[in-house]
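Whatever order the structure lists ligands and atoms in, that order sets their numbers, starting from 1. Quick note: residue numbers are just sequence positions, from 1.
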Amino acid sequence: MHTTMNSIVDSNYQHPKVEWDSEQSAKLYGVREWGADCFDISPEGNAVVSIQFGDKTVQVSLIDIVEGMKERGLEMPAVLRIENLLDLRIKQLNEAFARAIELGGYQNHYRGVFPIKVNQQCHVIEEIADFGKHYHHGLEAGSKAELIIALSQLQDHESLIICNGYKDAEFIDLGLYARKMGIKCFFVLETLSELPIIIERSRILGIEPLIGVRIRLASMVEGHWNEDSGDRSIFGLSTNALLEVLEQLKEADMLHCLQLLHSHLGSQIPNIRNIRTGVLEACRFYTGLIEEGAPMGYIDIGGGLAVDYEGTQTNSTHSMNYGLDEYCSNIIETILESLDPLDIAHPVIISESGRALVAYSSMLLFNVLDVRDHKPGVIPDTAPTDSVDQIVNLYDVLKNVNQKRLQECYNDALYYRDEVRELFHRGQASLRERALAENLSLAILEKIALLLPEAKRISPELETLPVLLSDIYYGNFSLFQSLPDIWAIDQIFPIMPIHRLNEEPTRDAVLADMTCDCDGKIDSFSLVDGPSKTLPLHPLLKDEEYYLGVFLVGAYQETLGDLHNLFGDTNVVSVRVNEDGSFDFIREFHGDSIADVLSYVEYDPKTMQEQFRRIAEQAVRDGKITVAMRQQVLHAFHESLHGYTFFER
Ligand SMILES: *Cc1c(COP(=O)(O)O)cnc(C)c1O
């Protein structure tokens with residue numbers, strides 16, 4: 001994609017006269033639906049984060065935090081993490097399970113483990129380990145690197161470490177040493193081939209492992225990740241392989257090490273019925289293993305607890321038709337119903353919620369750099385003399401747009417416009433005539449769009465007209481770096497301005513990022529009236545930044561991001577809100593410099609500087625620049641090399 005950006009700041013723009021308040025914005029953007037009481041809009045029109053201290057709710061404006069970031073030299077775009085929200089979600093999950101256990105009369109406890117892959121950032125893991133200690137919240141590791149993180153971060157020996165993924169001897173040794181030190185570290189078998197290595201290393205080191213088996217559930221789920229379950233899932237043991245595990249463990253006299261059953265239906269499961277079915281099937285495996293003589297004692301139901309990104313409370317892919325309490329009580333009830341008739345002792349319940357734990361705590365903030373609107377340019381009142389017939393016809397159509405002839409006018413507008421373009425190709429129409437034809441055609445489409453809401457029946461092409469006429473807001477971010485799931489799986493995140501929310505948003509827009517890639521756009525939103533291809537936004541004001549927030553981005557986005565167009569990591573800021581309404585910048589990370597991202601793709605910034613110096617020196621020798629100019633040029637090169645990869649004002 002290549003676009004020329006017109007300068008569009010409308011200097012004549014007046015604040016709209018229409019009555020509009022922040023309540024209307026709250027409704028339009030659905031913040032009370034997706035915000036889970038963590039986000040709201042203040043009467044002054046600012047997006048706020050809400051933190052509960054006992055009975056007291058403290059609200060902090062995001063725009064105030066942005067101001068604080070600016071003062072600290074932290075430019076947009078930036079990921080803002082609110083520590084309190086991370087703590088809140090850990091608390092809510094653990095307390096919801098505790099309530100369900102109490103209510104159901106369940107005779108064991110819950111242990112959560114956070115899957116490190118969902119957000120590996122050091123600060124996130126440290127906070128989970130630290131705040132989670134109180135609930136013995138542990139970590140799930142899917143690789144050696146993640147096990148190393150878990151071993152170094154978890155200080156509480158009641159917390160569990162669950163090791164999934166393929167494990168080599170080195171991985172297994174590390175886990176066995178952890179066992180020796182009293183850490184509750186489970187190896188979950190994903191494949192049969194891991195077992196002989198575990199048995200052998202355990203013999204050699206003389207340390208008994210805790211073993212779990214990951215089963216492949218036949219229950220299929222709805223939602224995006226449905227291939228994690230079912231017969232064709234690439235994860236977990238088939239029923240037959242499970243029997244083989246039992247044989248090998250018996251033979252090695254290690255059946256008593258098999259204590260955990262693991263299943264994971266997939267991520268973001270929108271329908272509670274699927275969760276129930278999955279847990280039920282897992283319970284059948286659990287009882288089956290007990291019948292085979294394994295001691296068991298732990299049931300791990302994996303991840304899948306969803307986040308309502310749309311705020312619709314439905315079973316659509318980006319939503320969920322259940323709440324946290326319902327999730328927990330459904331799991332507890334299902335286990336009770338399956339195990340009690342068989343008199344099987346209640347196992348420790350483990351869940352590996354990732355998304356639901358961290359999504360809320362992070363948001364991406366960015367400023368809008370430019371807007372390309374689709375307004376027609378100046379159109380003279382009448383057709384200039386000697387105009388080609390098609391232009392005269394377009395004037396006619398423009399005058400006669402009415403409710404009864406919408407489709408006809410639409411067809412004519414495009415037909416005559418294309419004819420003028422054709423004449424232009426053949427050298428029979430001038431640049432000015434082509435521009436006038438395009439302006440007229442746009443003006444006709446605009447008139448049609450205004451009449452659409454009252455139209456009785458609309459053709460599919462007329463339906464897309466509002467998108468065709470919408471503005472493009474160019475945001476200072478890279479979709480591929482900061483919101484990879486929008487590109488990869490059409491994820492929907494809540495997006496809204498973080499200020500000016502007591503003004504009516506009068507423009508309809510799609511968002512484009514800085515990568516100049518046609519995939520680098522956002523044109524799918526969830527609004528009060530349902531899914532929308534455009535987002536209502538405010539016109540840009542002269543000399544004033546316009547900030548947008550993309551919310552609930554704490555899960556999976558930060559490390560899946562790539563270096564498309566060599567835009568690097570953004571700045572990251574962690575803030576803690578205090579009871580008196582103040583806030584502290586707990587951590588700040590400056591994002592990648594250009595030198596950083598270049599070295600990721602094997603360039604050596606020092607060599608580059610030297611190569612450029614030689615070019616500048618040659619220019620001096622050739623008399624093209626002075627020595628003073630050379631210094632200036634080299635300085636500019638150096639500054640750019642060590643600056644932020646995003647747009648800097
Ligand atoms: C990814 C993953 C999770 C996390 O799932 P969420 O839906 O984010 O809670 C848990 N367990 C396993 C095995 C996973 O692969």
Practice task
Start with the C-alpha distance between Ser351 and Tyr110, add both sets of side-chain angles, then the distance that settles side-chain hydrogen bond (donor to acceptor under 3.5 Å, both in side chains), and finish with yes or no.
Solution key: CA-CA 8 Å; Ser351 84; Tyr110 166 75; 2.7 Å; yes

Practice task
Can you sort out which atoms of ligand 1 are near Gly354, meaning under 4.0 Å from one of its heavy atoms?
Solution key: 6 (P), 8 (O), 9 (O)

Exercise for the section: Could you check whether the rings of Tyr106 and His346 sit parallel, tilted or perpendicular, using 30° and 60° as the cut-offs? Expected result: parallel

Completion exercise
Sequence neighbours excluded, the answer for salt bridge (charged side-chain N to carboxylate O under 4.0 Å, His left out) partners of Lys180 is none

Exercise for the section: Check each heavy atom of Glu190 against ligand 1 and say whether those closer than 4.0 Å belong to the side chain, the backbone, both or neither. Expected result: neither

Fill in the blank from the handout: Note: ligand 1 atoms sitting under 4.0 Å from heavy atoms of Gly304 are 5 (O), 6 (P), 7 (O), 9 (O)

Handout entry: Ligand-side contact atoms (ligand 1) for residue partner Lys117, heavy atom cut-off under 4.0 Å
Key = 1 (C), 2 (C), 3 (C), 14 (C), 15 (O)

Handout entry: Check: Gln313 main-chain N/O paired with Asp308 side-chain donor or acceptor under 3.5 Å
Key = yes

Practice task
Answer with yes or no whether Pro115 contacts ligand 1, where contact means a heavy atom under 4.0 Å from a ligand atom.
Solution key: yes

Practice task
Quick one: closest heavy-atom pair of Leu93 and Ser353, and the distance?
Solution key: CD2-CB, 4.0 Å

Exercise for the section: Measure Glu352 to ligand 1 on non-hydrogen atoms and call it side chain, backbone, both or neither using the 4.0 Å cut-off. Expected result: both

Problem - Flag for Asp592-Tyr600: side-chain donor and acceptor within less than 3.5 Å - result: yes

Fill in the blank from the handout: In ligand 1, the atoms that come under 4.0 Å of a heavy atom of Ser353 are 9 (O)

Handout entry: Residue Tyr556 vicinity, atoms of ligand 1 by number, heavy atom under 4.0 Å
Key = 1 (C), 4 (C), 5 (O), 6 (P), 8 (O)

Handout entry: SB check Asp523 Lys533 (cutoff 4.0 Å)
Key = no

Problem - Sub-4.0 Å atoms of ligand 1 with respect to non-hydrogen atoms of Arg355 - result: 6 (P), 8 (O), 9 (O)

Handout entry: Donor-acceptor pair between Gln481 and Asp562 side chains, under 3.5 angstrom
Key = no

Problem - Heavy-atom nearest neighbour of atom 7 (O) of ligand 1 within options Ser351, Ser267, Ala555 - result: Ser267

Practice task
Could you tell me which atoms of ligand 1, counted from 1 in the order shown, lie closer than 4.0 angstrom to a heavy atom of Asn164?
Solution key: 13 (C)

Fill in the blank from the handout: One finds that the ligand 1 atoms under 4.0 Å from a non-hydrogen atom of Gln268 are 7 (O)

